[in-house]
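Since the structure comes first, as structure tokens, the remarks are kept for the end.
No hydrogens, no waters, no symmetry mates; every other heavy atom, side chains included, goes into these values. Read the numbers this way: they start at 1 and go in the same order the structure lists the ligands and their atoms.
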Amino acid sequence: TELDQLYVHESVENVIPRDAFVDAFDEVSIPAELVGDGREYDASDAVATYAPRPEFLDAGWVHCIRAGYDEFDTDAYDAAGVALTNSSGIHGSTVGELALTFMLSLARLGHRYRDHQNERNWWEPPYDRPFTIENERVCVVGLGTIGEAIATRCDALGMDVVGVRRSDEPVPGVSELFDPDRLHDAIENARFVVLTVPHTPETEGLLSDEEFAAMRDDASVINVARGPVVDEEALVAAIRNDRIAGAGLDVFETEPLPDDSPLWDLDEVIISPHKGSATNRYHLDIADLVVENVRRYQSGDILKNRVA
Ligand code: NAD
């Protein structure tokens, strides 16, 4: 199929350096050009973008450089017959290692030591506070690219890994799989509940009051998926009331996290600014995906990661 031009929308700058990203297409058979809003497109154009724009529906194919494409109206893409692809498949190591950072810190207290270091304080934790993640149970909710990467890493560190998945196909390192409607059974014995599902109508508010009540009181929530998957107000209440122990959060209902959020003040909550996928070679990983799809598009093959 005809493809004349690859446009890189400036919103990619949210997560990658835009010029380096455009340069990554030097070897590709079609020219790449940086664009802003309001451009006109036709069916022979491809667009790589972070954010959706109405005019993209006139292009032939749109690539969302994020894995989570919940801000894109997939029905509109289907109706317009425009292919939409995402960047799923490249975030296993990056987001996976951040999830492990949260778990290891909550167990070994890296966050607390740094808090006290800031005060030049030789703080010694209470005897019963530190623990090892080895031999602890982790429940990974959503076993796609990121969930599987976390499961493998947790297994390698000697954890007991269980998971929530819609299919019962076995996953390496996961000792037991639960269907989504058995979420409470899956999380009730876990020291860590890790969220790696997309934000969809089914997963919105997946963890709320009832789930926090079902969890162990020494359990922590790790959210590297999307903010709305957790009921944030319920999470704050659960931690304040010692119904659960803490959380590692990369994503929030409102981003950037508002200055008045109570989450900022909780000792056992670790906050990162939605940078789970950040790495110095992120633009190259995304470009590899786009280049592969340019090749497929031109030879009429099925696009990789097509979501609409
Ligand atoms: P993926 O598509 O490979 O995996 C998602 C998995 O969740 C799939 O296996 C899917 O079947 C499963 N799933 C969907 N609904 C479910 C449900 N109701 N119950 C159980 N499982 C369900 O995507 P991925 O690359 O692993 O990314 C997962 C999500 O993580 C993305 O949708 C995105 O929102 C988020 N993400 C966050 C960051 C970050 O910076 N923190 C980076 C990349 C992705």
Side-chain angles (χ1 to χ4, degrees), residues 12 14-16 50-52 63-72 74 84-103 139-154 162-174 176-187 190 193-208 211 221-230 247-253 255-257 270-279 281-283 285-286 288-289 303-308:
V12 300
N14 278 307
V15 287
I16 50 178
Y50 175 92
H63 181 78
C64 167
I65 67 161
R66 316 177 75 183
Y69 54 92
D70 39 313
E71 289 176 17
F72 286 74
T74 50
L84 178 68
T85 53
N86 77 342
S87 290
S88 176
I90 60 171
H91 303 99
S93 312
T94 49
V95 180
E97 289 187 12
L98 182 66
L100 264 298
T101 300
F102 287 148
M103 285 187 266
C139 175
V140 184
V141 184
L143 286 154
T145 303
I146 297 172
E148 285 200 17
I150 293 171
T152 315
R153 284 159 178 75
C154 290
V162 303
V164 176
R165 179 171 228 203
R166 291 176 298 186
S167 90
D168 52 13
E169 216 182 302
V171 178
V174 180
E176 195 177 356
L177 284 171
F178 296 84
D179 197 69
D181 61 18
R182 293 186 60 210
L183 179 67
H184 286 206
D185 295 333
I187 63 178
V193 175
V194 183
L195 299 173
T196 48
V197 281
H199 173 212
T200 64
E202 298 88 73
T203 65
E204 181 150 332
L206 195 70
L207 296 191
S208 190
E211 288 69 36
V221 171
I222 309 296
N223 189 5
V224 291
R226 282 287 182 267
V229 179
V230 175
L249 306 172
D250 190 44
V251 289
F252 305 90
E253 283 174 357
E255 296 178 6
L257 184 64
I270 310 176
I271 289 167
S272 58
H274 199 150
K275 281 288 163 218
S277 57
T279 139
R281 46 166 299 120
Y282 193 28
H283 62 296
D285 293 342
I286 298 169
D288 283 348
L289 265 179
L303 296 179
K304 200 170 173 176
N305 288 348
R306 183 157 180 178
V307 294

I need the atoms of ligand 1 closer than 4.0 Å to a non-hydrogen atom of L143, numbered in the order shown. 9 (O)
For atom 41 (N) of ligand 1, find the nearest protein heavy atom and state the residue, atom name and distance (0.1 Å precision). D250 OD2, 2.9 Å
Any sub-3.5 Å donor-acceptor pair from R165's side-chain atoms to L143's backbone N or O? yes
Using a strict cut-off of 4.0 Å, indicate which atoms of ligand 1 neighbour a heavy atom of S277. 40 (O)
Can we call the ring centroids of H184 and F178 under 6.0 Å apart? no
Among H91, E202, R66, R226, which one puts a heavy atom closest to atom 34 (O) of ligand 1? R226
Consider ligand 1: state whether an atom of it lies below 4.0 angstrom from any non-hydrogen atom of T196. yes
Say whether, by atom type as modelled, one donor and one acceptor occur between the side chain of T145 and the main chain of G92 under 3.5 angstrom. no
d(Y50 OH, I16 CD1) to nearest 0.5 Å is 11.0 Å
So the atoms of ligand 1 within less than 4.0 Å of a heavy atom of H274 turn out to be 39 (C), 40 (O), 41 (N)
Could you identify the single nearest non-hydrogen protein atom to atom 19 (N) of ligand 1 and state the distance to 0.1 Å? P180 CG, 3.7 Å
Residue and atom name of the nearest protein heavy atom (relative to atom 6 (C) of ligand 1), distance in Å to one decimal: G144 N, 3.6 Å
If we only count N/O pairs under 3.5 Å, is D70 in contact with ligand 1? no
Go through the structure and list residues passing side chain to side chain contact (heavy atoms under 4.5 Å, CB included) with K304, not counting sequence neighbours. L289, E292, N293, R296
Any idea which of V197, L249, T145 brings a heavy atom closest to atom 22 (C) of ligand 1? V197
Could you identify the single nearest non-hydrogen protein atom to atom 35 (C) of ligand 1 and state the distance to 0.1 Å? A225 O, 3.4 Å
Looking only at protein heavy atoms, which one is nearest to atom 37 (C) of ligand 1, and how far off is it? V224 O, 3.1 Å
Give the residue, atom name and distance (to 0.1 Å) of the protein heavy atom nearest atom 14 (C) of ligand 1. R166 NH2, 3.3 Å
With a heavy-atom distance limit of 4.0 Å, tell me whether P198 approaches ligand 1 through its side chain, its backbone, both, or neither. both
Side-chain donor or acceptor of D250 paired with backbone N/O of K275 under 3.5 Å: yes
Could you walk me through whether L206 and E211 pass the side-chain contact (heavy atoms from CB on, under 4.5 Å) check? CA-CA 8 Å; L206 195 70; E211 288 69 36; over 6 Å; no
Evaluation steps, side-chain contact (heavy atoms from CB on, under 4.5 Å), between I286 and H63: CA-CA 10 Å; I286 298 169; H63 181 78; 4.2 Å; yes
Y282/T94 under side-chain contact (heavy atoms from CB on, under 4.5 Å): CA gap, chis, key distance, verdict: CA-CA 9 Å; Y282 193 28; T94 49; over 6 Å; no
Under the 3.5 angstrom rule, does the side chain of T196 hit a backbone N or O of V141 as a donor-acceptor pair? yes
Near G142, which atoms of ligand 1 are under 4.0 Å from a heavy atom of that residue? 7 (O), 21 (N)
Below 3.5 angstrom, do we get any N/O pair linking I146 and ligand 1? yes
Once side chain to side chain contact (heavy atoms under 4.5 Å, CB included) is applied, do any residues pair with N86, and if so which ones, sequence neighbours excluded? Y69, S88, N305, V307
Would you indicate whether the side-chain heavy atoms of E255 and P273 approach each other to under 4.5 Å? no
Among all protein heavy atoms in this structure, tell me which lies nearest to atom 42 (C) of ligand 1, with the distance rounded to 0.1 Å. V95 CG2, 3.5 Å
Atom 25 (O) of ligand 1: nearest protein contact (heavy atom, Å): S88 OG, 3.6 Å
So which bit of T203 gets within less than 4.0 Å of ligand 1, heavy atoms only: side chain, backbone, both or neither? side chain
R226/E204 under side-chain contact (heavy atoms from CB on, under 4.5 Å): CA gap, chis, key distance, verdict: CA-CA 9 Å; R226 282 287 182 267; E204 181 150 332; over 6 Å; no
Here the atoms of ligand 1 under 4.0 Å from any heavy atom belonging to G68 are 32 (O), 33 (C), 34 (O)
Would you mind listing which atoms of ligand 1 come within a distance below 4.0 Å of any non-hydrogen atom of A67? 25 (O), 43 (C), 44 (C)
Determine whether the side chain, the backbone, both or neither of T200 has a heavy atom under 4.0 Å from any heavy atom of ligand 1. neither
